[in-house]
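To start, the structure itself, in structure tokens.
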Amino acid sequence: TDKIVGAEALVRWNSPKFGLMAPSDFIPLFERNGFITKLDFYVYNKVFNFIQRQIDAGKDVVPISVNMSRNHSNPDKFVNEFISKFEKYDLPPSLIEVEILERAAEESMFNLVAVTEKLHAYGFSVAMDDFGSGQSSLSMLDEVPIDVLKFDQNFLRNSKNCEEHDKMINILINLGKQLNKKTLFEGVETQEQRDMLKELNCDQVQGYFYSKPLDEAEFVDFVKQHL
């Protein structure tokens, strides 16, 4: 419908020394030194606070998804800390979606199953991010009880605009629907891509076709214009 139904919280580092830095410039370092888990919770708190301020001001809100890095190794500790921060605000869980990485499923299937089940118990939605970028895609689908399949943007970047490629995209969407998962394609940049996915009954799409990453003020205005 070309209406906004959600958003994803992204990280940029506005460094006094290096300027605006993309995640690829600092996330790998944070994953190596362990700081990434602290960054996760920093983002969660920012998102909860933002939504609360919007609600208190009587402004429109949409669900926002947040990313959980693969460095979290203790399901109970992660969920307890996540809930502890969330309960400081007066928000419905339906406004938050937690994204887990498919590559993390390859490394710690049990942890992701436990995290997903615990988050579901509190009413949060869980998405599998970058689906199709790893090696365990099909084997883990019946293990991790996710709600949303976010298909990796490379499916569209590698498109040759041929009938065979469209058939593959259709199979992926139907796979998600057969498993009662919501389907979402990332990396949508053109009208042609959007129209193709709409024709194939993909539930949602995300990408530069609709918007580049926005700061808070720009996002508030975007929501107002596109609800």
Side-chain angles (χ1 to χ4, degrees), residues 1-15 19-27 39-40 42-69 91-92 94-102 124-133 147-159 161 169 172-173 176 181-227:
T1 61
D2 290 328
K3 300 294 184 180
I4 185 171
V5 293
E8 178 179 356
L10 304 175
V11 172
R12 300 293 185 269
W13 184 356
N14 193 7
S15 166
L20 192 63
M21 299 171 62
S24 58
D25 294 330
F26 59 90
I27 292 297
L39 179 61
D40 278 354
Y42 174 84
V43 172
Y44 304 157
N45 190 64
K46 285 288 187 180
V47 170
F48 301 157
N49 181 271
F50 166 73
I51 297 176
Q52 186 70 71
R53 286 188 284 110
Q54 292 300 104
I55 292 176
D56 292 345
K59 297 182 179 180
D60 294 316
V61 296
V62 295
I64 297 180
S65 63
V66 295
N67 290 277
M68 185 191 83
S69 78
L91 303 175
S94 59
L95 288 177
I96 300 296
E97 180 174 270
V98 180
E99 296 189 11
I100 58 179
L101 287 169
E102 180 196 338
F124 297 102
S125 175
V126 180
M128 178 66 72
D129 197 15
D130 294 340
F131 183 79
S133 63
D147 306 291
V148 183
L149 287 177
K150 295 190 70 173
F151 292 101
D152 185 73
Q153 59 187 344
N154 284 324
F155 283 115
L156 297 180
R157 286 182 177 175
N158 296 333
S159 173
N161 297 317
I169 298 293
L172 293 173
I173 293 172
K181 315 293 185 187
K182 186 179 295 182
T183 55
L184 187 156
F185 265 84
E186 299 180 286
V188 175
E189 298 181 352
T190 68
Q191 176 87 34
E192 184 179 27
Q193 291 171 339
R194 194 287 306 266
D195 291 347
M196 181 265 291
L197 291 168
K198 185 175 183 179
E199 183 176 344
L200 295 177
N201 294 315
C202 183
D203 294 310
Q204 298 175 0
V205 298
Q206 172 182 335
Y208 271 60
F209 175 75
Y210 287 107
S211 176
K212 64 179 179 63
L214 305 172
D215 65 24
E216 180 178 310
E218 293 171 326
F219 177 67
V220 170
D221 187 57
F222 186 87
V223 171
K224 184 178 180 180
Q225 294 182 35
H226 293 88
L227 271 177

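The residues of the chain are indexed from 1 along the displayed sequence.
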Q) Between D130 and D152, is there a donor-acceptor pair closer than 3.5 Å when you use the side chain of the first and the backbone of the second? A) no
Q | Student check: side-chain heavy atoms of M128 and I100 closer than 4.5 Å | A | yes
Q: Assess whether side chain to side chain contact (heavy atoms under 4.5 Å, CB included) is satisfied between R53 and N49, documenting all intermediate values.
A: CA-CA 6 Å; R53 286 188 284 110; N49 181 271; 2.7 Å; yes
Q | From CA spacing to verdict: salt bridge (Lys or Arg N to Asp or Glu O under 4.0 Å), R194, D2 | A | CA-CA 10 Å; R194 194 287 306 266; D2 290 328; 2.5 Å; yes
**Q.** Which atom of M68 lies closest to which atom of Y44, heavy atoms considered
**A.** CA-OH, 3.4 Å
**Q.** Pairwise distance CG(D203) to CG(L184) - rounded to 0.5 angstrom
**A.** 8.5 Å
Q. Can you tell me if CD on E199 sees more than 12 non-hydrogen neighbours from other groups inside 6.0 Å?
A. no
Q) Hey, does I4 have a side-chain heavy atom less than 4.5 Å from the side chain of F222? A) yes
Q | I55 vs L95, side chain to side chain contact (heavy atoms under 4.5 Å, CB included): CA-CA, chis, key distance, verdict | A | CA-CA 11 Å; I55 292 176; L95 288 177; 4.0 Å; yes
Q: Search all heavy atoms of G187 against all heavy atoms of Q153 and return the closest pair with its distance.
A: CA-CB, 3.7 Å
Q.
Do V62 and F219 make a side-chain contact, defined as non-hydrogen atoms from C-beta onward lying under 4.5 Å apart?
A. yes
(Q) How close do R12 and A22 get, counting heavy atoms only, and between which atoms? (A) CD-CA, 4.4 Å
Q. side-chain contact (heavy atoms from CB on, under 4.5 Å) with N14: which residues, sequence neighbours excluded?
A. L20
Q) Which of parallel (below 30°), tilted (30 to 60°) and perpendicular (above 60°) describes F151 and F185? A) parallel
Q: Report the C-alpha distance between L156 and E189 in whole Å, list the side-chain angles of each, state the deciding distance to 0.1 Å, and finish with yes or no for side chain to side chain contact (heavy atoms under 4.5 Å, CB included).
A: CA-CA 9 Å; L156 297 180; E189 298 181 352; over 6 Å; no
Q. For A9, what residues pass the side-chain contact (heavy atoms from CB on, under 4.5 Å) criterion, not counting sequence neighbours?
A. V43, V47, I64, V66
Q) Taking it one step at a time, do K182 and E97 satisfy salt bridge (Lys or Arg N to Asp or Glu O under 4.0 Å)? A) CA-CA 13 Å; K182 186 179 295 182; E97 180 174 270; 5.9 Å; no
Q: Assess whether atom OH of Y42 is packed by more than 12 heavy atoms of other residues, nucleotides or ligands within 6.0 Å.
A: no
Q: Check step by step if side chain to side chain contact (heavy atoms under 4.5 Å, CB included) holds for L91 and Q52.
A: CA-CA 7 Å; L91 303 175; Q52 186 70 71; 3.6 Å; yes
